[in-house]
Amino acid sequence: MRWTERQRAMLREMGIRLWLPEDAPATATSVVAATAAGATIAKEAKPSSSVAVVPPPAGAMRAEEPRRVPGLAAADWLVVGDALDPADPQQQQLLENMLRAIGVGLVAPTREHRAVYVVADAAPITAAIAAVAPRCVLALGRASAAALLGADAPLGGLRGRVHAHAGVPVVVTFSPAFLLRHPAEKARAWADLCLAVGALSAS
């Protein structure tokens, strides 16, 4: 993966130092990061998508009556997380930095360069996946992981591997609010983002 100067700047704002071996070929860069268990991820991947944040639909959906959710556009990425605190703009800023670090923006005209952000406790997840048809889902935080995977397990036991929901790859990582309280975990969050990029590339 070749990182642009803008992406490197986003990583610096996250507090992550990107390791680039001097002998790496110009066509690809091995992303090396530690998983929760201390294993190493070495993945060649090319981020190709951007994110458009849209409000979650109101109301609930009965499981036996799946339907498309108004306002959700088709996108390569679906990001499921907590409602961002409007009183803490750092949460939004960190979310944007995390996504931009893997080549993701907030607004894009096509599905290949777009993803959708929904709030875990407000969006009917199955309907959101049907509407967005993502190639990868990012679950930010324990509540989002529980909504997607159906098990309220500790986050540490869910990170570092690719799950699935309705046949779509799901990668679990920390929420922006948690990372602001525990900045030392940003390196692990970066490992999770790299894992998600690899899952999208393989889908």
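Position 1 is the first residue of the sequence, and the numbers go up from there.
- Residue Asp85 comes nearest to Gln91 through the heavy atom pair N-OE1, 3.1 Å, listed as atom of the first residue, atom of the second, then distance.
- Looking at Asp82, Val80, Leu95 one by one, the single match for side-chain contact (heavy atoms from CB on, under 4.5 Å) with Leu140 turns out to be Leu95.
- Smallest separation of non-hydrogen atoms from Trp77 and Pro134: C-CB, 4.0 Å.
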Can you give me every donor-acceptor pair (side chain of residues 146-155, partner residue at least two apart or in another chain, under 3.5 Å) with its distance?
| from | atom 1 | to | atom 2 | distance (Å) |
| --- | --- | --- | --- | --- |
| Asp152 | OD1 | Arg142 | NE | 2.8 |

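- Contact check for Leu138 versus Leu193: side-chain heavy atoms found under the 4.5 Å cut-off.
- Of all heavy-atom pairs between Cys136 and Ala199, the closest is SG-CB, 4.3 Å.
- The line from CG of Asp88 to CD of Gln93 is 10.0 Å long, rounded to the nearest 0.5 Å.
- Counting heavy atoms from C-beta on, the side chains of His163 and Leu158 come closer than 4.5 Å.
- Listed for the Arg188 side chain is no donor-acceptor partner under 3.5 Å among the backbone atoms of Ala184.
- Using a 4.5 Å heavy-atom cutoff, the side chains of Thr126 and His165 are in contact.
- Considering CG of Leu84 and CD of Glu96, their distance stands at 9.5 Å, rounded to 0.5 Å.
- The shortest distance between side-chain heavy atoms of Leu78 and Ile129 falls below 4.5 Å.
- In terms of modelled atom types and a separation under 3.5 Å, the side chain of Arg159 and the main chain of Ala191 share no donor-acceptor contact.
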Would you tabulate the side-chain donor-acceptor contacts of residues 169-183 under 3.5 Å, counting partners in other chains and residues two or more places apart, or write 'none'?
| from | atom 1 | to | atom 2 | distance (Å) |
| --- | --- | --- | --- | --- |
| Thr173 | OG1 | Asp192 | OD2 | 2.7 |
| Ser175 | OG | Phe178 | N | 3.2 |

